[in-house]
Amino acid sequence: MAGAAGTLSLLAELHARIGAEGPLTVAQYMEVALFHPRLGYYAARDPLGARGDFVTAPEISQVFGELIGLCCADYWRRIGAPDPVLLVELGPGRGTMLRDALRAARVAPGFCAAARLHLVERSPALRAAQERALAAPSPAWHDDIDTVPPGPMLLVANEFLDALPVRQFMRHAGAWRERRVGLDAGGGLSFVLDEAPAAIALPEAPEGAVREVCEGADHLARAIAARLLAAGGAALFVDYGYFPEAFGDTLQAVRRHRRHDVLTAPGEADLTAHVDFAAFAAAAAAAGARAWGPVPQGEFLAALGIEARAQKLIAGADPNQAMLVRSGCRRLVDPAEMGTLFKALALTPPGAPAPAGFA
Ligand code: SAH
């Protein structure tokens, strides 16, 4: 099981660990597959773009980041233009969204000068890409939100929550049991189910139903709510997921723009789960914040003025660029593409105004 450079493969490491500790929870498996320091999916690669594994909204069209930037600047003004204001992004990828956002937000006097950039990013490869994209505003990087300084904050996150590890539970013989990743007879990985019922309170469901629980999202919702209550601001999440709560196994692996088996070649494919927006909103509300939405991405971008923004770009573009603007925007809003599966959710302190797009 030697890898290309003579190093052990992640599969071999998982094998040894499961042999020693027993089957891993699905969340532990996701954590290792995505963030193992040497062999994890995010350790050494930039997975984004046509030549990578997947494409995200800011990489599809500059209009996405521009509208998010205008939305932030507008909200900043409506809450009294705090200076300084923390502009926080979770999982900025290549830094494209924030770069486009800051360029568009120059129309709001004072906003860019007031903004202090804080990027929450664990991937060294993507931190380097962000540094290239965002050189001028000199951001600070963090491994998680806990080290971001206190203060009024505008937080944005696109396709971040889907990367947070989920635990999975399956209804079997009248009880919920945790689903884990173990070893099969041939030395590969396979799903196994705990014999003992799980010590977790979940609603009744038919035999065979799967329920996902994202403890990382819960923790994050509470941490953000506490910051918003203490110092004001807003947080905006855009991601694919479901609302209301639902049962189902949504764990998926994607490699080179195609679905991939989730237990094959760990570390080589992106692993995500759909976001449970109701659970996320409930965790934030339990910590005192107000949740807005979720609103389908197509409706959200329409409310922010995607049509007018696209027309403005098209007016100054050559025919080829104009076609790219049109097709990119269509992909973002079309219900058959990203318009419905992707959703926007915002958090604010109670009593604060609605962010644009959530009226
Ligand atoms: N927002 C970007 C990238 C999305 S990919 C875009 O829309 O293009 C997910 C991003 O989140 C990557 O930058 C990844 O490295 C980062 N990420 C995933 N899980 C993380 C975690 N637990 N902590 C910090 N960053 C994380």
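Numbers here simply count residues along the sequence, with the first being 1. All ligand and atom numbering here is 1-based and tracks the order in the structure.
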Next on the checklist: Could you check whether R38 pairs with E13 (Lys NZ or Arg NE/NH1/NH2 to Asp/Glu carboxylate O, under 4.0 Å)?
Outcome noted: yes

Checklist entry - Do the rings of W76 and F111 sit parallel, tilted or perpendicular, given the 30° and 60° boundaries? => result perpendicular

Item to check | Contacting atoms of ligand 1, where contact means under 4.0 angstrom from a heavy atom of S123 | outcome: 15 (O)

Checklist outcome for this item: To atom 15 (O) of ligand 1, the nearest of M30, R122, E121 on a heavy-atom basis is E121

Checklist entry - Which is closest to atom 12 (C) of ligand 1 in terms of heavy atoms, L126, V55, T96? => result L126

Next on the checklist: Need the ligand 1 atom indices (1-based, order shown) with element for anything under 4.0 Å from a heavy-atom of A163.
Outcome noted: 18 (C), 19 (N)

Item to check | Which residue and heavy atom of the protein sit nearest atom 4 (C) of ligand 1, plus the separation | outcome: E159 O, 3.6 Å

Checklist outcome for this item: re atom 5 (S) of ligand 1, the protein heavy-atom contact at minimum distance is Y42 OH, 3.6 Å

Checklist entry - Which atoms of ligand 1 sit under 4.0 Å from any heavy atom of L48? => result 8 (O)

Checklist entry - For atom 17 (N) of ligand 1, which candidate among Y41, F64, F35 provides the closest heavy atom? => result F35

Item to check | Within 45° cone and under 6.0 Å: R211 NZ/CZ vs F169 ring | outcome: no

Checklist entry - Do D53 and H257 have side-chain heavy atoms sitting under 4.5 Å apart? => result no

Next on the checklist: Is there a polar contact between ligand 1 and F54, counting only N or O atoms under 3.5 Å apart?
Outcome noted: no

Next on the checklist: Once you restrict to heavy atoms under 4.0 Å, what part of L90 touches ligand 1? Side chain, backbone, both or neither.
Outcome noted: neither

Checklist entry - In terms of residue, atom name and distance, what is the protein heavy atom nearest to atom 26 (C) of ligand 1? => result F160 CE1, 3.4 Å

Checklist entry - So, R256 and D270, do they make that salt bridge, N to O below 4.0 Å? => result no

Item to check | Residues R167 and E212 bridged, charged N to O under 4.0 Å | outcome: no

Next on the checklist: For F237 and F280, take the angle between the two ring planes, folded into 0 to 90°, and tell me which bin it lands in: parallel under 30, tilted 30 to 60, perpendicular over 60.
Outcome noted: perpendicular

Checklist entry - Is E195 salt-bridged to R177, cutoff N-O under 4.0 Å? => result no

Next on the checklist: Tell me whether the NZ or CZ atom of R290 lies within the 45° cone about the ring axis of W292 and under 6.0 Å from its centre.
Outcome noted: yes

Item to check | Contact atoms of ligand 1, heavy-atom distance to G93 under 4.0 Å | outcome: 2 (C), 3 (C), 13 (O)

Checklist entry - Counting heavy atoms only, which of A129, A43, G91 is nearest atom 2 (C) of ligand 1? => result G91

Checklist entry - For ligand 1, does N158 get within less than 4.0 Å through its side chain, its backbone, both, or neither, judged by non-hydrogen atoms? => result both

Checklist entry - Should you measure from each heavy atom of P58, which atoms of ligand 1 turn up under 4.0 Å away? => result 6 (C), 7 (O), 8 (O)

Checklist entry - Can you list every side chain to side chain donor-acceptor pair (under 3.5 Å) pair that touches residues 311-331, not counting sequence neighbours? => result E307-Q311

Checklist entry - Nearest to atom 8 (O) of ligand 1, what protein heavy atom do you find, and at what distance? => result T56 OG1, 2.5 Å

Checklist entry - Within a reach of under 6.0 Å around NE2 of H219, are more than 12 heavy atoms found that belong to other residues, nucleotides or ligands? => result no

Checklist entry - Among the heavy atoms of M97, does any lie under 4.0 Å from an atom of ligand 1? => result no

Checklist outcome for this item: Quick look: P92 vs ligand 1, heavy-atom contacts under 4.0 Å, and the answer is backbone

